[in-house]
Amino acid sequence: MIPGGKTEARRAASGALVTAFRSAFIAALAAAWALCACACAGGPPSTRQPLPEPPPSQAAATSPYVRNCIENFSRRNLANGAVLALMRRPGKSAAAARVAFARGTMLSPRPKPGLEAMALALATRGARGQSPAQMDAAFEELGARLELKLENYDDVALEISCPAESLARALELVGASLLDPDFSPQEFERLKRSFLLARWREAGDPLLGAGVLLRAAAYGDHPYTMASGGDRASIESIDLDEVKAFWSERVGAERLFIAAAADLDPDGLSASLAAGLGAIPRRAASAPPAPPPLSPRRLLQRKDMPGGGMTSFVRAEFSAPPADSDDFAALAVGLAMFDDLCSLRIVDRGLAYSSWTRLSPAAASSLGLAIYRCFRPAAARQAAMDAAFDIASGRCLDLAAGDGSLGPMENGIASYKAGAIVSIYGKGSSAPLIAARVARDLSAGGDGLGFFRLADAIDRVDADSVARVTRAFMVDGPSAWLALGSPAIVADFGE
Amino acid sequence: MKRPIRAALSLALILAALPALAGETALRNFSLSNGLRLFVYRDTALPLARIQIVFRAGAIAQDRGNAGIFHVYEHLFYRGGTGTASGSTAIKAALSRMGVRDWNGGTSSENMGFSFSLPSLRLREGLAFLADKLASPIAADQAALNREKQIIEQELSGLLASPDTIYEAAMTRLLFGKFPWRKDPAGSLDLLRSVGLADLRALQQTWFVPNNAALIVSGDVDPETVRSAVETLFAAWKAGADPWKESPQPFPKPGVTRPTWIAMPDPSMPEGLGLVELRYRGPDYAADRGAALGAELWTALAESPQGRFKSSLAKNLPKLRGPESILLHYESLRDGSWFSVSAPFAVEGRPGAAEFAQLFKERTRAVELTAMKLEAAYFSQAEYAAAQKRLVSRRVLELDSANAMSDALATAWAAGMDDHFVDYAAAMNKADNAYLYRFIDAYVMRNLEVIALRLNPEDYEREKRSLSAAGFLKIDASNAFWWKQ
């Protein structure tokens, strides 16, 4: 793939609080699939609770990797009920932490998406006794970076990345700020400009745009259709009084998770948080309820995109099993097979530049498909549906033959299980990624280890379960499709 | 590579971090008898391995007549061959058999390469696969080439219509106008259509030889086991003549003969918001190490929104969208580096876009950048220390995973900055105002820039008379690309 001018002329993201960057968003979409989340309908009921008690650490683990993760994982409640989870990284000098408030999108008033994100961002921009400049200088002194993260629907979060020896102090600084934020008008205006700029940059991404349109059409009023970073209209309408009110009324320790990845002692880290993050008051008796499952409306839509050229952007949404179920792991393996078939039948046949799937392990899990720069969207969709049907019928590519023919799934499942592992874990093991995965699982109602245990669940998958779940969720289950492109290209794609 | 070319990282920094990582991570490097450079980076955090091969090739090795050829080769790499797996379908099956996902290739202006991840238990198979691909001639089938050219043509058609691509093409044509094909990995549709099998075979024999390559194996791997395997498996890949025996003529500085004003109607811009950018030919590390370090230091010094540079610009140019929206960028390359200052601004109201661009240039270059050089106290000692610390910390964080280490190594090796690896941390810790002044003196004071505007087409129409009167050249797809001239 040509990086083109973008790769070498990529503009650096400005400031610490601008979220997605237009030119990087496609890469982020294609990369971080384990970090997106929605839930299924029709599968077994979720076993997740809004705020689970610290789990026993003797969860059965079969692989050395998962055993190692469990051994290095600790979790405890701070005095105010906030959860601190730490994945130790012995010998590693880099560290990261996510300070996440779960289920925020369920608390933002419907017409004001982005309110919680703005409130959290503003709460780090000055506090009693510390101006924004002093806070920035303190972070610089630590070699630390603080960013707002709005990557999933289950939380809004701050991410700290820094050398390991700086993490405790960085968390203290954040805690002090969140305890007594300034909410100055000048910082509010600056932040608002920053949010608007970020939304503007996202607006230039047609693949992202297609996803937003589809989710709105497919899921109606589900909380996950509200962008946690807001949209231009909502951001422009939010005023400082609303931010202050939201903060004082809705942001509390009952839904605060601190997920850290560092070579640190958990007791020491916990103690260092007592006066800051551990002192944030509870605002409600309990955390907000888990979101309802996601089940897309059956849709087949096209949307015109002026200036779309000769390509389109196709998105699809399917329901998915709960992220902590074995069916979720089976579907992950099925998707490895599906991606291979799509690569041959869509990409190699010149129907599109690329395609990929996203299986999201959030509180309300879901499955998405993206077909990027698609030249024949109707044909590409058919090819994808045929691929799903083949897998649901117990067949996948005959890897031994290597000629594109299909064979019994039993013959290829070992390779595809390995492939699913590589796909899910191959993004790496940096501190920010680990912290994000722990936080993600906590916010979704897990114990923090869900992502890591997935490796063992994949190992247990068999061909029958892959075929069954693929049929249930990709063939027989509801799906929503949308093609966004120039009228000539999308003319034969649905309504 | 998908990642942009970055300034070289410090091997010393890596090595300095290694005692803390003892038993879990280690970096080794070897030179094999066929000239192949092998890096092995051990990181046992995951039971995975990543294999990455990188070549000193890409647009930098192109001439006027073959721009885009390396991109074509990249496409064919995974789709053809005469080894044990040939043809796209067979190759993909072979990769999937090993559990490979996320196999990838990339062509940029200074390197190209291929990578994939797989379970570490299957590493030897992966190395064997790659060795076989590299030692085998590229696809011998004209039909396969024709098919691939169709796919690339579709890819290019979309790319060449993108506003970002048009904008960057214009910048390349202006700032690097002497050899613009050396900055253009994509090339043109006409050039694509003219590429033949003989051209690709010749390309392979010239550039894709082990003595022009580095193999980076990272993850849960044992360096000695990897070295032994690579020595055996890659033995059939024969060295060739050194394709870099003669260095290409460097890009000149300045890149333009006078300050050049351009404006582009850009449908991706929202109405009412414009982008202004000052872009300069920048210091290449190999040619001007001091200035290159100065440029890197400059980005760290000036990037703080609360710092003097950004806050002064924002205060004196109220149409800017706040100091945090101002971006500094330095792209450090082997040949063809550049740097810029850019920012979004409100189009509405006075001054108009043309006058605003002039004010932006004046304020940025004549006031702030000049003051950086003339006023010793522009940045305090504390700011210098903070900038150095920021750069060093950033490196630690950037190299936190095996994948990141592998990508950074690949980029730095291809840019020919091996020696810089060792010196980087020490060099940055010594980098002070002398480096900064050297950079500003040579690359701002004694340089000329392109000043660019990107405006929504509606805004452009309203402003076009004043833009024309001020000497702005209108940029669009008809004149942005060097191969259309």
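So you know, we letter chains A, B, ... as the sequences are listed, proteins then strands, and number each from 1. All values below come from the heavy atoms of this structure, side chains included, with hydrogens, waters and symmetry mates left out. None of these values were measured; they are calculated from a predicted model.
Partner R101(B) forms a side chain to side chain contact (heavy atoms under 4.5 Å, CB included) with one of D340(A), I421(A), I424(A) and no other, that one being D340(A).
Annotation: cation-pi geometry not satisfied between R145(A) and F139(A) (NZ/CZ under 6.0 angstrom from ring centroid, within 45° of ring axis).
Residue contact with chain A, scored on non-hydrogen atoms closer than 4.5 Å, is absent for A161(B). Heavy-atom distances place the backbone of C162(A), and not its side chain, under 4.5 Å from chain B. Looking at L95(B), there are no atoms closer than 4.5 Å to chain A (heavy atoms on both sides), in backbone or side chain. Contacts of S166(A) with chain B are absent, with no heavy-atom separation under 4.5 Å from either backbone or side chain. With a threshold of 4.5 angstrom between heavy atoms, Y425(A) approaches chain B through its backbone and through its side chain. For I434(A), no part sits under 4.5 Å from any heavy atom of chain B, backbone or side chain. Both the backbone and the side chain of R190(A) come within contact range of chain B, with heavy atoms under 4.5 Å apart. For a residue to count as touching a neighbouring chain, one of its non-hydrogen atoms must lie under 4.5 Å from one of that chain's; by this rule S157(B) does not touch chain A.
Two residues are said to be in side-chain contact when any heavy atoms from C-beta on lie closer than 4.5 Å; I326(B) and L320(B) meet this criterion.
Of the listed residues (R50(B), Q154(B), R122(B), R147(B)), the one with the most heavy-atom contacts under 4.5 Å to chain A is Q154(B). When each of A133(A), P163(A), A336(A), A95(A) is checked for heavy-atom pairs under 4.5 Å with chain B, A336(A) comes out on top. Listed options A59(B), A386(B), P119(B), P270(B) were ranked by heavy-atom pairs under 4.5 angstrom with chain A; first place goes to P270(B).
With salt bridges taken as basic N to acidic carboxylate O contacts below 4.0 Å, one links R88(A) and D263(A). A salt bridge is absent between R97(B) and D398(A); no separation between the charged side-chain nitrogens and carboxylate oxygens falls under 4.0 Å. Using a cut-off of 4.0 Å between Lys/Arg side-chain N and Asp/Glu carboxylate O, K149(B) and E153(B) are scored as not salt-bridged. Under 4.0 Å is where a charged nitrogen must lie from a carboxylate oxygen, and between E303(B) and R390(B) at least one such pair does.
Side chain of N72(A) to backbone of N68(A): a donor-acceptor contact under 3.5 angstrom is found.
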